[in-house]
Amino acid sequence: MSKPSIPQGTRDFSPELMAKRKFILNTIENVYQSFGFMQLETPAMENLSTLTGKYGNEGDQLLFKILNSGDYLKDLALETLDSKSLIPKIAEKGLRYDLTVPLARFVAMHRHEISFPFKRYQIQPVWRADRPQKGRYREFWQCDADVLGTDSLLCEADFIKIYQTVFSKLGLHDYEIRINHRKLLEAVCEKADAKQHFRTITIIIDKADKIGIDGVAKELGSIGLDAAQVQTVLSLLNKKELSKQTIEAFSKDLSGTESIGKAIEDLNKLIDLCGNNLKQIVLDGSLARGLDYYTACIFEVVPTSVKMGSISGGGRYDNLTEVFGLKEKVSGIGISFGIDRLYDVMEELQLFVGQTSSFADVLFCPMDEEAISYCLPLADICREKGFKTEIYPSPSKLKKQLDYANSKNIKWAIIVGESEIEKREVSIKNLVDGNQQTSDIVDFVDLIH
RNA sequence: GUGGUCAUAGCUCAGUUGGUUAGAGCGCCAGUUUGUGGUACUGGAGGUCGUCGGUUCGAUCCCGAUUGUCCACCCCA
């Protein structure tokens with residue numbers, strides 16, 4: 001028997017780890033709910049046909065496929081197939097790659113039961129057959145929230161407020177909300193007379209963080225842009241402040257282009273809706289986001305004091321359900337938190353240190369078999385009062401029982417032996433300060449806090 | 001898919017210019033204290049040095065392959 005192990009890029013979450021993860025998960029879920037989002041869950045696996053072709057050429061390769069049951073090679077003429085054409089014949093299901101496509105599938109299937117605007121959140125694991133590295137796992141959790149069926153800029157403003165609320169509750173202050181508008185990107189390309197290179201250009205400027213302005217200029221040159229065109233594109237990267245002045249400047253620089261009007265209008269409106277609350281927001285012209293379906297405002301959140309990729313991303317899209325053949329357009333906007341990265345960032349910044357998690361409040365320590373049944377109704381009283389309570393399952397040595405309490409960070413030990421039972425009492429020990437007192441079995445619970 | 005890195009106790013890591021009994025800290029178990037923990041002291045368990053092959057009288061150490069880890073590129077949360 002070889003040593004047990006788990007697949008690469010996956011992790012076990014110990015009780016200590018789960019306590020911290022739940023804190024993040026619950027925080028995000030509570031904030032979503034406080035904005036009126038409703039929960040949706042979808043299966044871990046989808047039909048492969050639902051997933052393929054939605055994430056670009058490379059995306060399909062990152063899908064985990066599930067082998068069909070039974071003798072899946074029975075009727076195949078293997079010699080006539082290559083591996084690519086083989087896959088659809090032997091695998092009809094795959095693990096979900098994100099939560100947006102399942103949402104689109106759900107909406108397409110249940111269009112007639114849904115009334116718009118439809119606000120849903122979804123917190124579930126997703127799987128990608130990527131090569132693992134820092135902040136990248138093959139199984140990780142996404143926390144999505146989307147609003148479908150409205151073009152209102154209020155959604156954008158709400159999501160910004162959701163970001164600020166969540167991070168404030170988590171105690172994470174070193175972050176930056178980056179905002180951009182796809183139409184701004186289009187306008188720049190149009191102005192530079194390089195519309196046909198739109199995709200390539202967005203991919204290049206998206207790397208500005210890593211390769212710097214000079215690097216961007218170089219790569220733009222390498223795809224055939226002349227110096228003037230490169231300068232036009234680079235002009236996007238200088239202005240960082242989200243303000244009416246910046247937007248006015250863009251409006252002038254890019255006047256005459258087809259797309260600029262919509263971008264200016266949206267961003268101005270967004271500023272109005274946010275009021276003065278533009279804390280930690282930057283207008284980042286280099287933000288592009290790979291997914292093609294975004295059409296207007298796009299977001300990304302990055303930690304500023306830790307080297308880590310984005311911990312959240314999102315944006316507005318025009319037609320979510322188009323690929324599923326729904327004739328009616330369903331536009332919307334969504335964001336997603338990556339809580340695995342969020343966890344890594346918080347761990348690195350030691351934001352969990354103040355939170356001592358205890359797995360129980362009260363431990364009953366029976367000294368003999370008779371004491372166990374004596375403790376049973378008393379433990380129920382504690383639980384009814386809201387204390388997490390357990391009874392040590394065997395009358396072991398007291399030292400062992402108290403060690404157990406320490407290891408679980410339990411504050412109260414209630415010791416019951418022959419003498420307590422005789423006098424209808426319990427001995428209550430506070431394991432934090434070491435004080436101990438006796439009490440009758442009616443009032444003892446009042447001493448616990 | 002491409003490149004690099006590392007793999008020794010449950011965990012974090014030493015170490016051997018290739019030589020016979022492979023170490024530390026933490027953790028775990030037991031005792032000092034037969035009903036009082038978190039401190040201290042004493043003792044104990046636990047490793048075919050990732051796997052397979054090669055070189056050698058001899059390999060945990062050198063070489064090759066393989067698997068896994070971590071990191072970077074691509075892409076992304």
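Proteins come first, then strands; the chains are lettered A, B, ... in the order of their sequence lines, and each starts at number 1.
Residue Glu418(A) is classed as a base contact, given a heavy-atom separation below 4.0 Å to a base. Residue Gly314(A) is classed as having no contact, given no heavy-atom separation below 4.0 Å to the nucleic acid. Residue contacts for Ile311(A): at a heavy-atom cut-off of 4.0 Å it reaches the sugar-phosphate backbone alone, with no base atom in range. Gln8(A) comes within 4.0 angstrom of the backbone, heavy atoms only, and of no base. Across all strands shown, Gly417(A) has heavy atoms under 4.0 Å from base atoms, whether or not it also approaches the sugar-phosphate. Residue Val432(A) is classed as a base contact, given a heavy-atom separation below 4.0 Å to a base. Across all strands, Ser336(A) comes closer than 4.0 Å to no nucleic acid atom at all (heavy-atom distances).
In the set rG37(B), rC75(B), rG35(B), the nucleotide with an atom closest to the side chain of Ser419(A) is rG35(B). Residue Arg289(A) places its side chain closer to rA77(B) than to any other of rC71(B), rA77(B), rG35(B). Here the side chain of Asp130(A) is nearest to one of rG35(B), rC75(B), rG37(B), namely rC75(B). With rC76(B), rC74(B), rU36(B) as the candidates, the nucleotide lying closest to the side chain of Lys207(A) is rC74(B). Listed nucleotides: rG37(B), rG35(B), rA77(B). Nearest to the side chain of Lys429(A): rG37(B). With rG37(B), rU36(B), rC74(B) as the choices, the nucleotide that has an atom nearest any side-chain atom of Asp403(A) turns out to be rG37(B). The side chain of Pro132(A) sits closest to rC70(B) out of rC73(B), rC70(B), rC75(B).
Within the structure, salt bridge (Lys or Arg N to Asp or Glu O under 4.0 Å) contacts touching residues 130-150 of chain A (residues at least two apart or in different chains) are Arg120(A)-Asp144(A), Arg120(A)-Asp146(A), Asp130(A)-Arg136(A), Lys134(A)-Glu348(A).
Atom CG in Leu62(A) sits roughly 14 Å away from atom C1' in rU2(B) (whole-Å rounding). The CD-P distance, from Glu139(A) to rC76(B), rounds to 21 Å in whole Å. To the nearest angstrom, C1' of rG4(B) lies 17 Å from NZ of Lys134(A). Tyr293(A) places its OH atom 11 Å from the P atom of rC76(B), with the value rounded to the nearest Å. Residue Arg131(A) contributes atom CZ, which lies 20 Å from atom P of rA77(B) at whole-angstrom precision. The nearest whole Å value for the distance from the CG atom in Asp344(A) to the P atom in rC76(B) is 20 Å. Between Gln436(A) atom CD and rG38(B) atom C1' the separation is 15 Å, expressed in whole Å. Rounded to an integer number of Å, the gap from CD of Gln133(A) to P of rC70(B) is 11 Å.
Stacking of the aromatic ring of Phe140(A) onto the base of rA77(B) is found: the ring centres lie under 5.5 Å apart and the planes are inclined by under 30°.
A donor-acceptor contact shorter than 3.5 Å is absent between the side chain of Arg424(A) and the backbone of Asp440(A). Side chain of Arg182(A) to backbone of Ile298(A): no donor-acceptor contact under 3.5 angstrom is found.
Relative ring orientation between Tyr121(A) and Tyr32(A) is described as tilted, the plane-to-plane angle lying within the 30° to 60° band. Ring geometry, Tyr392(A) versus Tyr404(A): the interplanar angle exceeds 60°, so the pair is classed perpendicular (tilted spans 30 to 60°).
Of the two residues near RNA chain B, Lys397(A) and Lys307(A), the one whose nearest nucleotide lies more 5' is Lys397(A). Comparing Tyr137(A) and Ile415(A) along RNA chain B, the residue whose closest nucleotide (by nearest heavy atom) sits nearer the 5' end is Ile415(A).
Look at Lys408(A) and you won't find any side-chain N or O under 4.0 angstrom from OP1 or OP2 of rG37(B). Between Lys210(A) and rC73(B), a side-chain N or O to OP1/OP2 separation shorter than 4.0 Å is present. Lys400(A) has no side-chain polar atom (N or O) that falls below the 4.0 Å cut-off from OP1 or OP2 of rC28(B).
Contact detail for Val31(A) and Ile162(A): the closest heavy-atom pair is CG1-CG2, 4.0 Å.
Separating the C1' atom of rU33(B) from that of rC41(B) is a span of 13 Å, rounded to the nearest Å.
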